[in-house]
Novice: 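Take a look at the following structure, please.
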Amino acid sequence: MKPQDGPRRLDLASWERHQQYELFRSYDWPWFNVTVDVDVEAVAARCAAPGGPSFFLASLWLSLVAANEVRELRLRLRGDEVVEHRLIHGGSTVLMPDDSFVFAYFDFLPEFEPFAERAAAELEVVRGGPGKLEPRPERDDLIHYSVLPWIAFTSFQHARRLGQDDSVPRLVFGRRREVAGRRRMPVSVEVHHALADGLHVSRFYQRFEELMAQPDRLG
């Protein structure tokens with residue numbers, strides 16, 4: 001990676017959110033969570049068609065497209081600094097045959113087909129591996145994903161370690177079900193309030209739902 005491709009340090013004094021940053025940086029519980037029922041009908045139909053792609057990989061990629069377009073979701077805390085990543089990627093829980101889980105990591109690519117090909121290969125390796133849990137705390141250029149395909153939840157609360165500089169957003173996909181003739185899926189987003197506000201999370205949801213209505217983007 002070239003130096004200019006790495007994260008850029010923000011000038012906190014000139015940052016338009018510096019007052020909000022200073023306020024929420026000192027909170028004991030600075031994260032907030034929003035859960036939205038997202039219309040996934042178009043992409044779900046495309047994935048269910050013969051030869052269609054994995055719905056999980058399609059949702060993962062489209063959510064990464066949306067997240068990368070929202071600057072605040074690419075910001076991370078590093079001690080007393082805030083850095084902005086040029087690109088962020090995905091790390092997800094993967095269910096194993098013994099009902100435990102491990103982590104898999106997916107590099108974001110701007111086109112779905114190569115992304116899905118590499119992601120499917122990663123899943124195959126992880127599922128066929130020894131089941132070793134390998135968190136990567138040194139990486140903050142991620143969104144941490146979980147999937148709960150068994151329940152259509154209406155809210156979600158993540159495990160957190162207080163006193164840590166963890167500012168990686170969490171995103172959870174729930175069970176799809178039909179509502180008024182269209183398939184919908186609960187999607188939870190959790191972010192650090194020192195870095196993002198409800199406005200920025202709303203922009204993510206708006207863009208994600210727009211993309212979920214565009215199955216042609218999947219090739």
Novice: Pick from Phe32, Trp31, Tyr21: which one makes a ring-ring contact (aromatic ring centres under 6.0 Å, His included) with His192?
Specialist: Trp31
Novice: Among His200, His85, Glu84, exactly one meets side-chain hydrogen bond (donor to acceptor under 3.5 Å, both in side chains) together with Arg71. Which residue is that?
Specialist: Glu84
Novice: Between atom CG of Leu109 and atom CD of Glu117, what is the distance when rounded to the nearest 0.5 Å?
Specialist: 10.0 Å
Novice: Quick one: does any side-chain atom of Asn33 pair with a main-chain N or O of Phe156 as donor and acceptor, under 3.5 Å?
Specialist: yes
Novice: Answer yes or no: is there a donor N or O on one side and an acceptor on the other, between the side chain of Arg74 and the main chain of Asn68, under 3.5 Å?
Specialist: yes
Novice: Can you name the side chain to side chain donor-acceptor pair (under 3.5 Å) partners of Ser92, sequence neighbours left out?
Specialist: none
Novice: Could you report the tightest heavy-atom contact between Phe106 and Leu60, atom names first, then the distance?
Specialist: CD1-CD2, 3.7 Å
Novice: Between Asp216 and Arg46, is there a side-chain heavy-atom distance shorter than 4.5 Å?
Specialist: no
Novice: Between Glu209 and Val36, is a side chain to side chain contact (heavy atoms under 4.5 Å, CB included) present by the stated rule, with each step listed?
Specialist: CA-CA 10 Å; Glu209 195 156 50; Val36 172; 6.0 Å; no
Novice: With respect to Leu75, which candidate in Val83, Val70, Leu10, Asp140 satisfies the side chain to side chain contact (heavy atoms under 4.5 Å, CB included) definition?
Specialist: Leu10
Novice: Atom CZ of residue position Arg8 - does it have more than 12 heavy atoms of other residues, nucleotides or ligands inside 6.0 Å?
Specialist: yes
Novice: Tell me, do Gln20 and Arg17 make a side-chain contact under 4.5 Å, heavy atoms counted?
Specialist: yes
Novice: Looking at Glu124, I'd like to know if its CD atom is crowded, meaning that more than 12 non-hydrogen atoms belonging to other residues, nucleotides or ligands lie closer than 6.0 Å.
Specialist: no
Novice: Do Arg176 and Phe55 form a cation-pi contact, if we require the NZ or CZ to be under 6.0 Å from the six-membered ring centre and within 45 degrees of the ring's axis?
Specialist: yes
Novice: Evaluate the side-chain proximity of Phe173 to Ser63: yes if any heavy-atom separation is below 4.5 Å, no if none is.
Specialist: yes
Novice: With distance as the sole test, does Arg170 use its side chain to make a donor-acceptor pair with the main-chain N or O of Val168 at under 3.5 Å?
Specialist: yes
Novice: In a check of salt bridge (Lys or Arg N to Asp or Glu O under 4.0 Å) between Asp37 and each of Arg182, Arg177, Arg183, which one passes?
Specialist: Arg177
Novice: Check whether any side-chain N or O of Trp61 sits under 3.5 Å from a backbone N or O of Phe56 as a donor-acceptor pair, and report yes or no.
Specialist: no
Novice: Is it true that, when you exclude Gln214 itself, more than 12 heavy atoms of the residues, nucleotides or ligands shown sit nearer than 6.0 Å to its CD?
Specialist: yes
Novice: Give a yes or no answer on whether the side chain of Arg207 reaches the backbone of Val65 with a donor-acceptor pair at less than 3.5 Å.
Specialist: no
Novice: Transitively linked via ILVMFWY side-chain contacts under 4.5 Å: Leu87 with Leu195?
Specialist: no
Novice: Side chain to side chain contact (heavy atoms under 4.5 Å, CB included), that's the test. Do Ser59 and Met185 meet it? Break it down for me.
Specialist: CA-CA 10 Å; Ser59 302; Met185 178 175 70; 4.3 Å; yes
Novice: When rounded to the nearest 0.5 angstrom, what is the spacing between OG in Ser188 and CG in Leu148?
Specialist: 9.5 Å
Novice: Judged by atom type as modelled, is there a donor-acceptor pair below 3.5 Å linking the side chain of Ser167 to the main-chain atoms of Leu77?
Specialist: yes
Novice: Going from CD on Glu111 to CZ on Arg217, what distance comes out if it is rounded to the nearest 0.5 angstrom?
Specialist: 8.5 Å
Novice: Identify the two heavy atoms, one from Ala67 and one from Leu73, that lie closest to each other, and give their separation to 0.1 Å.
Specialist: O-CB, 3.9 Å
Novice: To the closest 0.5 Å, what do you measure between CG (Asp197) and CD (Glu72)?
Specialist: 8.0 Å
Novice: Do Leu211 and Leu64 belong together in a cluster built from hydrophobic side chains that touch within less than 4.5 Å?
Specialist: yes
Novice: Side chains of Tyr145 and Val172: closer than 4.5 Å at any heavy-atom pair?
Specialist: no
Novice: What closest approach, in Å, do Ala104 and Leu123 show between heavy atoms, and which atom pair accounts for it?
Specialist: CB-CD2, 4.4 Å
Novice: Where do Leu57 and Phe115 come nearest, in terms of heavy atoms and distance?
Specialist: O-CE2, 3.9 Å
Novice: Are more than 12 heavy atoms, taken from residues, nucleotides or ligands other than Arg160, located less than 6.0 Å from that residue's CZ atom?
Specialist: yes
Novice: Of all residues at least two apart in sequence or in a different chain, which pass the side chain to side chain contact (heavy atoms under 4.5 Å, CB included) check with Arg161?
Specialist: Gln164
Novice: With distance as the sole test, does Tyr27 use its side chain to make a donor-acceptor pair with the main-chain N or O of His193 at under 3.5 Å?
Specialist: no
Novice: Given the rule in the side chain to side chain contact (heavy atoms under 4.5 Å, CB included) test, do Phe103 and His144 qualify, once you have shown the distances and angles that lead to the verdict?
Specialist: CA-CA 10 Å; Phe103 297 121; His144 290 159; over 6 Å; no
Novice: Compare every heavy atom of Pro53 with every heavy atom of Leu218, then report the nearest pair and how far apart it is.
Specialist: CD1-CG, 4.2 Å
Novice: If we only count heavy atoms from C-beta on, is the Leu62 to Met212 side-chain gap below 4.5 Å?
Specialist: yes
Novice: Any chance you could lay out the salt bridge (Lys or Arg N to Asp or Glu O under 4.0 Å) test for Arg25 and Asp80, step after step, and finish with the verdict?
Specialist: CA-CA 10 Å; Arg25 188 72 174 89; Asp80 294 330; 5.2 Å; no
Novice: Is the backbone N or O of His89 less than 3.5 Å from a side-chain atom of Asp107, with the two atoms forming a donor-acceptor pair by type?
Specialist: no
Novice: Would you say Arg127 and Val94 make side-chain contact, with heavy atoms under 4.5 Å?
Specialist: yes
Novice: Determine yes or no for a side-chain-to-main-chain donor-acceptor pair under 3.5 angstrom, with Tyr205 supplying the side chain and Val189 the backbone.
Specialist: yes
Novice: If only atom types and distance count, is the side chain of Asp98 paired as donor or acceptor with the main-chain N or O of Ser100 below 3.5 Å?
Specialist: yes
Novice: Measuring only between side-chain heavy atoms, which start at C-beta, is Asp28 closer than 4.5 Å to Leu162?
Specialist: no
Novice: Quick one: do Met96 and Phe101 satisfy side chain to side chain contact (heavy atoms under 4.5 Å, CB included)? Show the steps, please.
Specialist: CA-CA 5 Å; Met96 299 297 281; Phe101 71 87; 5.6 Å; no
Novice: Looking only at heavy atoms, which two atoms of Pro186 and Thr35 are closest? And how far apart?
Specialist: CB-CG2, 4.4 Å
Novice: Considering only heavy atoms from C-beta outward, does the side chain of Val187 approach that of Leu171 to under 4.5 Å?
Specialist: yes
Novice: Do Val34 and Val147 share a hydrophobic cluster, counting only Ile, Leu, Val, Met, Phe, Trp and Tyr and linking them when any side-chain heavy atoms are less than 4.5 Å apart?
Specialist: yes
